[in-house]
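To keep things clear, I will list the structure first and then write my remarks on it.
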Number of protein chains: 4
Amino acid sequence: MARPIEKRDTIVRSALEVFVEKGVDGTTIQDIANHANAAGGTLYRYFRSKEELAQSIFFENLSLFMSELKKAILKEKHTKQKLYAMVDKFYNFFENDKVLYSYLLLSEHNFAKKMTKNYQTPVDLIIEVINNGVAKKEIFSKDSVFAAAFVYGAVVRITYFKIYGRIHEDLSIYKNRVVEGCWAFLQNE
Amino acid sequence: MARPIEKRDTIVRSALEVFVEKGVDGTTIQDIANHANAAGGTLYRYFRSKEELAQSIFFENLSLFMSELKKAILKEKHTKQKLYAMVDKFYNFFENDKVLYSYLLLSEHNFAKKMTKNYQTPVDLIIEVINNGVAKKEIFSKDSVFAAAFVYGAVVRITYFKIYGRIHEDLSIYKNRVVEGCWAFLQNE
Amino acid sequence: MARPIEKRDTIVRSALEVFVEKGVDGTTIQDIANHANAAGGTLYRYFRSKEELAQSIFFENLSLFMSELKKAILKEKHTKQKLYAMVDKFYNFFENDKVLYSYLLLSEHNFAKKMTKNYQTPVDLIIEVINNGVAKKEIFSKDSVFAAAFVYGAVVRITYFKIYGRIHEDLSIYKNRVVEGCWAFLQNE
Amino acid sequence: MARPIEKRDTIVRSALEVFVEKGVDGTTIQDIANHANAAGGTLYRYFRSKEELAQSIFFENLSLFMSELKKAILKEKHTKQKLYAMVDKFYNFFENDKVLYSYLLLSEHNFAKKMTKNYQTPVDLIIEVINNGVAKKEIFSKDSVFAAAFVYGAVVRITYFKIYGRIHEDLSIYKNRVVEGCWAFLQNE
DNA sequence: TATGAATGAGAGTTCATTCAT
DNA sequence: GATGAATGAACTCTCATTCAT
C-alpha cells in the first residue's frame, strides 16, 4: 500500500561500483548515495552498516559464483575438462561483470578474516578437483594444495592483468592456453 | 657500538607492521605511535602525512626489491636460470620478511593507481625476461605479457597460500617445481 | 457493542507508555508506532510532531486531573478535609494509572518551561487551599508558598518512592498519616 | 613537555551547565564545546561519550555530596540534630552551587536505572538516620521508609520551588521550620 | 485513512594534523 | 627533537518528517 521499494537494488549496485573504484574504506556513504541518486539514510533501511553492506555483497555473490562453478564441474567427467570448465566460468564471469568480478577477486584479502572456516571458496574447489584427479590417476601431484596454488595463480592473474590494463583481448582466447599450461604442469608434478 | 635505532626507523617498521595487520586505511596514527613507543606528533617530523608514510614504505622497498631482482637476473645467462633466480629472490624475500613482503605484494592494488607509468614493477621485469628469452629463441611465446601473467601468477600465488595459512612449508622446497612448471608452459606457448 | 478503539487513542496510549519507559527524547516515532501496531506516518495524521504529541498528552491529562482535584476540593468545607481530598485524589490517580501519573509528575521538569504562566498546576491549587485555610484561620502559616512546598513535597515523594520500588504497599494506607503529618506542620507554621 | 591540560575542567563545568539548562538528551556536543570555548573533539580526549560525561559528573558529585552529608551526621548525636545537619547541607549546597545541585537532584530520575543497588543516595542516608533514631527511641516511626519519604520530600521540594521561581528567599531561613515540621511528623508517626 | 519507502538535517564520534610546551 | 593537548573537518549513522501509493 505504501511506496514500492525502488532504491535497494540501485544502492547495492552503486556500492559495488564505488567499492571497486575506491575500496570499501575509501568509500563514504555519500559516495554510494550520490552514485545511486538516493539519500544517505536510505542505505540504512536495508543494511545495518556500510560494513554489512560490503560483506553482504561479497558473500552473496561469492556464493552465487560458487554455485555456478560447482554446477559446471559436475557436468564434466575428466579432470582436464573440469579445469577447463572452471577457467571458462572465471573468464566469462570476468567479461560479463568486471566490476563484480573485481570486487570478489580483489577484495578476497579484506574478507579473508571474516570467512569462517566452513566457507568454501573457488580455491577450495580447485583443490578438490585436483584431489579427485589424483585419485582417478588422471594427474600425479604429490601436493594438491601447492598444485592448486600454481593453477589458481596462473588462471586468475590473467584477469588481474586485464583489470590493470596490461592485457586488452577478450579473455576467451586464453582459456585453452591457460588450461594447457596448467595441465602440462599437473602432469609433471 | 651499534648505532642507536633512530626513531624514524622505528616508526617506519611499526607502521609497516600495523599497515599489514589492519590495512592502511584501518590504521590510525595512534596505532603506529603506540606500536613505536612514540607520540603521534613525532611521525610528522619525518613524513608529511600518513599517506606519504604508506607510499614511502611501499615505493622505497619496492625499489630495493627491484634492484635485487635485477642484480640477480644479470648474473644469469639463460632464461630458465633467470626465472629461477627471480623465484629464488621472491621466496627468499618472503621467508626473510613476511611482513614487508605482504605489504608490497598484497597492497599492490592500492598503490596501482599511484604508480606512475614509468615505475617498474616485478611484473615488468618478468615480461622483459620473457621477451629476451623469445629473442634468444630459448622460449617461443607469441604473447609475452600473457606468458608473464601465467608465470607471475603461479609464482606469487604460492606465497599468498602461505600467508593465508594454506601452505606451511618453507617456500624453498617449491622453487624448482614452480620453475619447471612455468618452463613447461613457456616451451609450449 | 463497544466502540472500536480509535487508532488515535492507541497511539496516544502507546506514546505515553514508551515516553515513561524511555523518556520523550529517548523515544522514537518507530517505538511508538511499533507499540501501537501502526505505521510511523500514521502518527502525523493526528499530531504535527512528536513534541506536540508529548505536550498534548501532558497538558490534556494535567487538565483532566486538575478538574478532578478542584471538584474534590469543592465538596469539602474544612481545610484539613480539602487536603485529605487532594491526597486521596493523588494516590488514587497513582494506583489507577501509574504510567500516566508518572508521566505527569516526573516530567513536570521537562514541561515546566513550556507552561505558560496562566497554566494552573496542582501546586497552585495547594497554595490556594492553604491561603484559604489561613483566611479562615484554620491554619496559621505566614508563608503559604513555603507551606505548600512542604506539603506537596511530602505528599508526592511517597509516590516517587513507590515508583522507584522503595515502597510496595497500596498508597491508600498512607493517606491519613500523610495528612496528619502535614496538618501538624501547618498548625505550627 | 607537551601542552598542559587546559580544557578538561572547562568542558566538565560547561557540560554541567548546559545539561541543567537543556537536559542531557537535549544537549549537543556542540552546545558543550561552544560553551567551553573548545572544539567538539576535545571532549573525547577525556570521556568516551556524552553519556559517560553525564554519568561521570553525576556520580562523582553525588559521591562528594554523600561524603559531606555523612561527615555532617557523624558530628551530631541526636536525631533531630542530625536531621538539621542534613537539611543544612542540602540548602547550603543548593545556595553555593545551584547548577550542580539541580543536576544532581533533578536528574535523579534519569540515572536511577543506572544506579547499582549498592550505590548509596541521600535518601538511603535519611532512612538510616531515622532507623537509628527509632532504635534510640528518639522517634517512633513504624515505617522508616515511609517516614523518610515524607521528610525527604518536604526538605527538597523547597529547593525545587526556588529553582522554579516560586520562592526567592535564601533557603537558610527555612531550615528550622522544615526541621520542626519534620520532627513533629516523626514524633506522631 | 493508513502505509512505509525515502529523505536529509543533524547528531555523536573519530582521527589526521597542528603547535605550544 | 619529541610530546600530547587541542583542533575541526569529515565520517557514520539516526530519526523526525514527508509523500507516493
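Hydrogens, waters and symmetry mates play no part in the numbers below; they use all other heavy atoms, side chains included. Labels below follow one simple rule: chain letters A, B, ... track the order of the sequence lines, proteins then strands, and each chain is numbered from 1.
- For C:A39, whose side chain is taken as the heavy atoms from C-beta onward, the closest listed nucleotide among E:dG4, E:dT13, E:dA5 is E:dG4.
- Using a 30° and 60° split on the angle between ring planes, B:F19 and B:Y103 fall in the parallel class, below 30°.
- Of the possible donor and acceptor atoms, one in the side chain of C:K50 sits under 3.5 Å from a partner among the backbone N and O of C:V24.
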Quick one: the dot-bracket string of DNA chain F, using Watson-Crick and G-U wobble pairs with both distances under 3.5 Å, [ ] for crossing pairs and | for bases paired to another strand.
-> .||||||||||||||||||||
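- Contact check, C:T42 against E:dT3: a side-chain N or O comes under 4.0 Å of OP1 or OP2.
- Between F:dA6, F:dT3, F:dC13, one nucleotide has an atom nearer to the side chain of B:K7 than all others, and that is F:dT3.
- Here B:Y46 does not reach the OP1 or OP2 of F:dG1: none of its side-chain N or O atoms lies under 4.0 Å away.
- In this structure, D:I29 reaches the bases: a heavy-atom distance under 4.0 Å links it to at least one base atom across the strands shown.
- Residue D:Y44 has its side chain nearest to E:dT14 when only E:dA2, E:dT14, F:dT21 are considered.
- Counting only heavy atoms from C-beta on, D:K50 has its side chain closest to E:dT13 among E:dT13, F:dA16, F:dA20.
- Proximity of a side-chain donor or acceptor of B:K22 to a complementary backbone N or O of B:D31 within less than 3.5 Å is not detected.
- The residue A:F47 sits apart from the nucleic acid: no heavy atom pair falls under 4.0 Å.
- Between D:R45 and F:dA5 there is a side-chain N or O to OP1 or OP2 distance below 4.0 Å.
- Note: B:F65 and B:F93 have tilted aromatic rings, judged against thresholds of 30 and 60 degrees for the angle between ring planes.
- Mapping D:E6 and A:R48 onto DNA chain F by nearest heavy atom places D:E6 closer to the 5' end of the strand.
- Proximity of a side-chain donor or acceptor of C:T27 to a complementary backbone N or O of C:G23 within less than 3.5 Å is detected.
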